[in-house]
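First the structure, in the form of structure tokens, and then the observations on it.
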Amino acid sequence: MRPSNAGSAQNRTFFQRTFRSERLFTSVLVVLLLALSTPVLAQPSTDPAKAEREYLVQTLVKIADPVLVSLSQNRLRQTMPVEASSDNRRDYSHLEAFGRLLAGIAPWLELGPDATPEGQLRQKYINLTLLCLRNATDPKSPDFMNFTKGGQPLVDAAFLAQGLLRAPNQLWNRLDASAKANILAALKSTRVITPGYNNWLLFSAEVEAALLKFEGSCDRMRIDYALKSHQLWYKGDGAYGDGPNFHWDYYNSFVIQPMLLDVLKTLSEEAPSPSVKKEYETVLSRAQRYAEVLESLISPEGTYPPLGRSLAYRFGAFQLLSQIALMKTLPEGLAPQQVRAALYAVIKRQVEAPGTFDKTGWLQIGLVGHQPLVGENYISTGSLYLCAEAFLMLGLPATDPFWTGPDQDWTTRRLWKGENIPIRHAKD
């Protein structure tokens with residue numbers, strides 16, 4: 001006899017009778033597990049570099065919590081407010097929130113759990129994210145997401161794919177066969193959407209890169225067309241056009257250069273060739289130059305020019321700078337501690353602006369606080385979670401030189417103090 005097992009079976013039967021349905025039973029278990037698994041965090045560090053990392057980790061999970069907790073319980077549609085200037089955004093906003101958040105949080109999750117308070121926190125968010133991936137792509141789930149209606153789902157399926165590519169070990173490899181099949185089916189279903197002749201070509205390419213990585217096959221033409229088009233649209237000095245024309249905005253960092261790097265990295269691993277290697281090196285060199293430009297745009301006060309559209313993505317404008325730091329390929333002249341200090345200043349200034357979050361913790365439209373007029377007609381609550389892309393550098397372990405040593409002034413702080421420093425400029 002095994003009375004403990006019998007008692008467990010009786011308790012399970014009691015709870016199932018009480019909560020009537022398996023889904024509700026599962027949701028209650030999720031809540032209990034979250035409560036039990038939340039680690040007790042250590043006292044704030046007195047080391048400034050460590051304190052900055054702790055602040056950024058806590059900011060990332062503050063942004064993530066409403067999305068991941070709700071979706072893990074199959075309650076995202078029920079609980080997520082959708083602020084938008086257009087009613088039809090409700091069809092897209094949920095996948096926007098999850099896909100974009102996943103792309104930003106993935107490198108941190110990929111570090112995996114460990115015995116530290118931060119490592120225990122990661123374990124919690126890995127488990128939450130795995131539940132979310134299952135619920136978002138299970139056709140029987142209340143929170144099954146829209147991957148085919150309208151054009152927007154292609155965009156955010158690509159961000160979901162980007163997140164999986166950035167955390168293959170802690171996310172993809174931990175999923176069961178059924179969840180993997182559902183995700184692959186969801187990604188393939190976006191092929192019915194024709195991308196625009198602009199940065200949208202990269203969304204198709206990103207989806208196909210994930211299919212190549214996780215299934216071993218893809219529609220290579222969608223990848224090659226996106227890559228060749230963007231080579232034609234390169235304008236010089238580290239910047240691409242968004243389509244044939246150049247736009248003064250942050251889409252080189254929101255989408256274009258990060259996805260070019262993602263796609264070519266995947267090709268170099270899964271389908272290597274001399275031409276892919278050469279193209280990756282070219283794209284990386286241009287990205288390093290654009291990272292210099294982004295760093296130079298950060299003012300001494302931690303602000304930056306409000307250029308172009310989609311400013312409601314906030315500090316997501318600095319995704320590429322954070323990505324180049326994560327890749328440990330910062331160009332000569334940009335010290336890791338300099339980039340860390342600059343990104344910390346930008347994120348802290350924006351995230352602490354009154355009105356950034358609503359009373360229940362969801363992001364609100366705006367660049368600095370709540371500014372609904374900043375949001376174009378394609379912006380909704382879910383769109384705003386692209387800001388998570390600025391946290392890619394958290395994928396560097398706490399022991400990395402990026403997170404050690406005192407802050408260093410970034411370019412504009414040095415110049416406006418009157419420091420005599422060399423100026424970086426175009427090389428092509």
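These numbers come from a predicted model, not from an experiment.
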Taking Gln337 for its side chain and Thr404 for its backbone only, find out whether a donor-acceptor pair lies under 3.5 Å. yes

If you measure only the distance, is there a donor-acceptor pair under 3.5 Å linking the side chains of Asn88 and Ser86? yes

Is Arg424 salt-bridged to Glu292, going by a charged N under 4.0 Å from an acidic O? yes

Nearest atoms (heavy-atom pairs only) where Val339 meets Leu334: CG2-CB, 4.3 Å

Output yes when Lys265 and Glu269 qualify as a salt bridge under the 4.0 Å nitrogen-oxygen rule, no when they do not. yes

Closest approach of Ala317 and Leu294, non-hydrogen atoms and distance? O-CD2, 3.7 Å

Tyr304 vs Phe318, ring-ring contact (aromatic ring centres under 6.0 Å, His included): CA-CA, chis, key distance, verdict: CA-CA 10 Å; Tyr304 55 94; Phe318 295 91; 4.9 Å; yes

Please check if the side chain of Glu206 supplies one atom and the backbone of Val155 the other of a donor-acceptor pair under 3.5 Å. no

Backbone of Tyr240 reached by a side-chain donor or acceptor of Asn252 within 3.5 Å: yes

Does the pair Tyr234 and Thr282 meet the rule for a side-chain contact (heavy atoms from CB on, under 4.5 Å), with working shown? CA-CA 11 Å; Tyr234 182 65; Thr282 298; over 6 Å; no

How are the rings of Phe246 and Trp248 set relative to one another: parallel (under 30°), tilted (30 to 60°) or perpendicular (over 60°)? perpendicular

Any donor-acceptor pair under 3.5 Å from Ser72 side chain to Cys132 backbone: no

Would you please test Trp410 and Tyr344 for ring-ring contact (aromatic ring centres under 6.0 Å, His included) and show each step? CA-CA 11 Å; Trp410 52 96; Tyr344 173 78; 9.5 Å; no

Stepwise, does the side-chain contact (heavy atoms from CB on, under 4.5 Å) test hold for Trp200 with Val255? CA-CA 9 Å; Trp200 277 47; Val255 174; over 6 Å; no

Mind checking the NE2-CG spacing from His94 to Asp156? Nearest 0.5 Å is all I need. 12.5 Å

By the definition salt bridge (Lys or Arg N to Asp or Glu O under 4.0 Å), identify the one residue from Lys188, Arg220, Arg191 that meets it with Glu208. Arg191

Does Thr59 reach the main-chain N or O of Tyr55 with its side chain, forming a donor-acceptor pair under 3.5 Å? yes

Just how far is it from atom CG of Leu68 to atom CG of Leu76, taken to the nearest 0.5 Å? 9.5 Å

Quick check: does any side chain N or O of Asn146 sit under 3.5 Å from a backbone N or O of Asp91, one acting as donor and the other as acceptor? yes

Distance (rounded to the nearest 0.5 Å) between Leu227 CG and Leu232 CG: 11.0 Å

Side chain of Gln152, backbone of Tyr378: donor and acceptor closer than 3.5 Å? no

Would you please indicate if the ring centroids of Tyr313 and Tyr250 are separated by under 6.0 Å? no

Check for a donor-acceptor pair, side chain of Ser383 on one end and backbone N or O of Ser380 on the other, with a separation under 3.5 Å. yes

Would you tell me whether Asp143 and Ser141 have side-chain atoms, one donor and one acceptor, within less than 3.5 Å of each other? no

Do the side-chain N and O atoms of Asn199 and Asp242 include a donor-acceptor pair separated by under 3.5 angstrom? yes

NZ/NE/NH1/NH2 to OD/OE distance under 4.0 Å, Asp407 and Arg413: no

Would one find more than 12 heavy atoms of other residues, nucleotides or ligands at under 6.0 Å from atom CG of Asp87? no

Ala287 and Ile324 have their tightest heavy-atom pair at CB-CD1, 4.0 Å

Nearest 0.5 angstrom please: Asp249 CG to Phe254 CZ, how far? 7.5 Å

Give the minimum heavy-atom separation between Ala97 and Met80, together with the two atoms involved. CB-CE, 4.0 Å

Val69 vs Gln73, test: side-chain contact (heavy atoms from CB on, under 4.5 Å). Steps then yes/no. CA-CA 6 Å; Val69 173; Gln73 299 170 8; 3.5 Å; yes

Of all heavy-atom pairs between Val346 and Phe315, which one has the smallest distance, and what is that distance? CG1-CB, 3.9 Å

Look at atom CD of Glu419 and say whether more than 12 heavy atoms of other residues, nucleotides or ligands are closer to it than 6.0 Å. yes

Tyr385 and Glu96: side-chain contact (heavy atoms from CB on, under 4.5 Å), yes or no, with the steps? CA-CA 7 Å; Tyr385 287 85; Glu96 285 183 294; over 6 Å; no

Could you tell me which non-hydrogen atom of Ala271 sits nearest to which non-hydrogen atom of Val276, and how far apart they are? O-CG2, 4.2 Å

Return the CD to CZ distance between Gln338 and Phe402, rounded to the nearest 0.5 Å. 10.5 Å

Would you please say whether a donor-acceptor pair under 3.5 Å links the side chains of Gln257 and Gln323? no

Determine whether a donor-acceptor pair (N or O, by modelled atom type, separation under 3.5 Å) exists between the side chain of Glu118 and the backbone of Glu54. no

Do Gln319 side-chain atoms and Ser253 backbone N/O form a donor-acceptor pair below 3.5 Å? yes

Spacing of CG belonging to Leu311 relative to CD1 belonging to Ile365, to within rounding of 0.5 Å: 12.5 Å

Have a look at Glu389 and tell me which of Arg314, Arg100, Arg166 forms a salt bridge (Lys or Arg N to Asp or Glu O under 4.0 Å) with it. Arg166

